[in-house]
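The next block holds one structure in the form of structure tokens; read it before the comments.
In what follows, chains carry the letters A, B, and so on, assigned in the order in which the sequence lines appear, proteins first and then strands, with residues in each chain numbered from 1.
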Amino acid sequence: MLTLQYLRDNKDEALKRLAKRGNPELEELVSKALSLDAESRKIRAEAEALQAEVNKASKDIGARMREGDQAGAEALKQRVSEIKNEAQEQKAELMRKDSDLATVLYQIPNVPGPDVPAGRTPEENEEVFRSGNLPEPGRTPLPHWELASKYALIDFETGVKITGAGFPLYTGKGAKLQRALINFFLDRADIAGYHEVIPPLVVNEDSGIGTGQLPDKEGQMYYMGEDELYLIPTAEVPITNIFRDVILNEEDLPIKKCGYTPCFRREAGSYGKDVRGLNRLHQFDKVEIVEITKPEESYAVLQAMTEHVKGLLDALELPYRILRLCGGDMGFAAATTYDFEVFSAGQDRWLEVSSVSNFEDFQSNRLKCRFRRKGEKQTALVHTLNGSALALPRIVAALLENNQDETGIKIPPALVPYTGFDRIEA
RNA sequence: GGAGAAGUGGCCGAGCGGUUUAAGGCGCACGCCUGGAAAGCGUGUUUCCCCGAGAGGGGAUCAAGGGUUCGAAUCCCUUCUUCUCCGCCA
């Protein structure tokens, strides 16, 4: 969430930046937060003054009892009871204000960064880069679900039998291709300096709140009520939460982590061509990169992360484009997001395969992840960033569709050392 | 899953209703001392929040949350975690 300090000191700037999200309710929420904040602080000052009196009187009682002044002690006890009665009401009021304030703050999304275009819909996203050639018009390539079946790579029907829709069964070379991509992505991340972790795939409520999935978006995660735990929707959640309640030293930064995990998403309400084949799954594999930086470095790091992702798509020789998301299309916690989309020849459409975001201090404020500059006593919030590098299913879809010919599918050379085969045939 | 023990500051470790403002030690920072260093001595050293221009004052914080009390690290309840033993198991 946004820090109150930022809202207090930069209300106009915050409103200006929030306006890019195209949601007129935000201005009101900000005003409400600020007025609740002012009320809360006023009551807090009063309540704390009373508490100070109670503390002082209690100490006096102790002193009198040691001196044997029972009567004096009793009189003070009486007095303290009165003050406590008075304070009771204020404490209750304070708790109400603070909880109202938290509710409002949780509803205010991050302020879009300087380069983010204003807009509400995906059409208003800005294409900033394009690479590779789109297939010739006139060709009629097969969609990946037909290729998957033709070459026995993925068995969607059996996945349905075992679990349900959105849980595919990869088989043979289809399974090997998954494994190859995971290792390829992890090796590339390692070379780029990301430290590999294998995190838990199940997280608690605090972690969900830390990265912003909770409260509010619990419907997107699978929840195990018996144990009050959530299946991770992305490795971002466990990896970023490594740094929850942590104070780092300046020289520790930047911290670069990567990890492969399956991801689980309920995707309630999705339908049609969006969920066909591998387009949108309840379980999929992804390699994620996460970086923790000093505030002044986060935008340079965002750039470097996008370069890393570009490198992966270049190596796989897939046509792709990069979009700078407009304010309204960005996630709740993001300040700036670049989406990567590969072209799917068999479906004649773009598919999102990566989303790289700078959260500035929005996540770290919730996480309470701070750092201390050398020689300074004060702590400051770090900036957090993350990106998919990469999500597998749509990469697989594009690889199959874009590299198909009459008799098979060609594996891009960069991947051959990982697959052990350079072609998939019947 | 069952039985028992325990969670105190950056770390070790005392305290088990009121001079605790959390002893003592280690570590760290600064100062004195020194040609320089070590040792020694002195000062400081959790984090968050509120009031204040500042100096400073105040509140919270002894795993977490609730309770008892004028007063809780200390007593009670719940939860979490760690350790030991038993059971089960890849």
**Message:** Wobble G-U and Watson-Crick pairs count when both distances are under 3.5 Å; given that, what is the 5' to 3' dot-bracket string of RNA chain B, with | for pairing to other strands?
**Reply:** ((((((((.[[[..)..(.....]]]((((((.......)))))).(((((....)))))..[[[[[..)....]]]]])))))))....
**Asked** Does the pair E157(A)/K161(A) count as a salt bridge with the N-to-O cut at 4.0 Å?
**Response** no
**Message:** According to salt bridge (Lys or Arg N to Asp or Glu O under 4.0 Å), who are the partners of D285(A), at least two apart in sequence or on a separate chain?
**Reply:** none
**Prompt:** Taking side chain as C-beta onward, heavy atoms only, is K310(A) less than 4.5 Å from E307(A)?
**Reply:** yes
**Asked** Can you tell me how far P in G44(B) sits from the matching atom in U8(B), rounded to whole Å?
**Response** 26 Å
**Between U81(B) (P) and L229(A) (CG): distance, integer Å** = 10 Å
**Request:** Kindly determine whether D98(A) and R44(A) satisfy salt bridge (charged side-chain N to carboxylate O under 4.0 Å, His left out), including the steps that lead there.
**Result:** CA-CA 10 Å; D98(A) 283 349; R44(A) 170 168 280 110; 2.9 Å; yes
Dump the pairs, protein N or O against N or O of nucleotides 50-55 of chain B, anything under 3.5 Å, distances to one decimal.
residue : atom : partner : partner atom : Å
C50(B)  : OP1  : R8(A)   : NH2          : 3.2
C51(B)  : OP1  : R41(A)  : NH1          : 3.3

**Request:** Please work out if K368(A) contacts a base, only the sugar-phosphate, or nothing of the nucleic acid, heavy-atom cut-off 4.0 Å.
**Result:** nothing
**Message:** Please classify the nucleic acid contact of R64(A) as base, sugar-phosphate, or nothing, using heavy-atom distances under 4.0 Å.
**Reply:** nothing
**Item:** 5'-most by nearest nucleotide on RNA chain B - I247(A) or A52(A)
**Value:** I247(A)
**Sugar-phosphate, base or nothing in reach of I61(A), heavy atoms under 4.0 Å** = base
**Request:** By nearest nucleotide on RNA chain B, pick out whichever of E53(A) and M95(A) is the more 5' one.
**Result:** E53(A)
**Item:** Rounded distance in Å between the P positions of U74(B) and G15(B)
**Value:** 15 Å
